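Notes for the one structure printed next.
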Amino acid sequence: MVKEYSIIMDCSVCGNAAERAERNLCPIHAQALLSVRQAYEVWASAFGGITPTEFLSRVSRLKGTGRNAKKIVEFFQQHPERWK
């Protein structure tokens, strides 16, 4: 009989239980990441190739950016190597 083990990871952003092991993000921050990545694609198209660093800097200053998205942005500003 083979037993399956699931590894419980903590969210890299908030420390809560992570849903997606490959990203180490809780469901809230996984959704925020998806939204931020989608916004980046739109911005990159609109601005003709804005860099992730510039995008994150601009989004962090926007008043309309939600709390969870700002947490994701702050995380990637501190860990740019994880943006990939």
Side-chain angles (χ1 to χ4, degrees):
M1 179 153 115
V2 176
K3 290 184 180 180
E4 289 187 29
Y5 296 96
S6 62
I7 298 172
I8 298 174
M9 305 291 288
D10 290 336
C11 178
S12 298
V13 177
C14 67
N16 290 333
E19 176 182 84
R20 300 172 55 185
E22 74 274 4
R23 283 283 184 189
N24 295 343
L25 296 173
C26 68
I28 292 169
H29 290 116
Q31 180 60 45
L33 174 62
L34 180 62
S35 296
V36 168
R37 288 213 183 265
Q38 289 173 342
Y40 174 70
E41 291 177 19
V42 171
W43 281 48
S45 176
F47 288 104
I50 189 170
T51 66
T53 302
E54 180 63 22
F55 166 75
L56 294 171
S57 176
R58 289 183 183 195
V59 169
S60 70
R61 295 188 307 259
L62 290 175
K63 291 182 182 182
T65 303
R67 182 180 73 237
N68 295 318
K70 281 194 180 204
K71 290 282 188 180
I72 285 290
V73 167
E74 289 171 10
F75 176 78
F76 283 115
Q77 286 176 317
Q78 294 170 2
H79 307 281
E81 72 282 358
R82 301 273 310 264
W83 176 257
K84 302 173 187 177

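Owing to the predicted nature of the structure, the values given are computational and were not obtained by experimental measurement.
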**Item:** Sequence neighbours excluded - side-chain hydrogen bond (donor to acceptor under 3.5 Å, both in side chains) pairs with any residue from residues 43-56
**Value:** E54-R58
**Request:** Would you indicate whether K70, at its atom NZ, is surrounded by more than 12 heavy atoms from other residues, nucleotides or ligands within a distance under 6.0 Å?
**Result:** yes
**Message:** Check this for me: I28, atom CD1, are more than 12 non-hydrogen atoms of other residues, nucleotides or ligands nearer than 6.0 Å?
**Reply:** no
Hey, what do you get for [atom1] ([X]) to [atom2] ([Y]), rounding to the nearest 0.5 Å?
{"X": "K71", "Y": "C26", "atom1": "NZ", "atom2": "SG", "answer": "11.0 Å"}
{"X": "I72", "Y": "S35", "atom1": "CD1", "atom2": "OG", "answer": "9.5 Å"}
{"X": "N68", "Y": "L33", "atom1": "CG", "atom2": "CG", "answer": "12.0 Å"}

**Asked** Who are the side chain to side chain contact (heavy atoms under 4.5 Å, CB included) partners of R67, not counting sequence neighbours?
**Response** none
**Prompt:** Considering residues at least two apart in sequence or located in another chain, which fulfil the side chain to side chain contact (heavy atoms under 4.5 Å, CB included) criterion with S60?
**Reply:** V73, Q77
**All side chain to side chain donor-acceptor pair (under 3.5 Å) counterparts of E74, not counting sequence neighbours** = none
**Item:** By side chain to side chain donor-acceptor pair (under 3.5 Å) - contacts of S57 (at least two apart)
**Value:** R61
**Request:** Search all heavy atoms of A69 against all heavy atoms of V36 and return the closest pair with its distance.
**Result:** CB-CG2, 4.0 Å
**Message:** Going by the rule ring pair (Phe, Tyr, Trp, His ring centres under 6.0 Å), which residues pair with Y40 if we only count those two or more places apart in sequence or in a different chain?
**Reply:** F55, W83
**Prompt:** Which residue pairs pass the salt bridge (Lys or Arg N to Asp or Glu O under 4.0 Å) test with at least one member in residues 30-48, sequence neighbours excluded?
**Reply:** none
**Message:** Are S12 and F75 packed together at the side-chain level, in the sense that at least one heavy-atom pair is separated by less than 4.5 angstrom?
**Reply:** yes
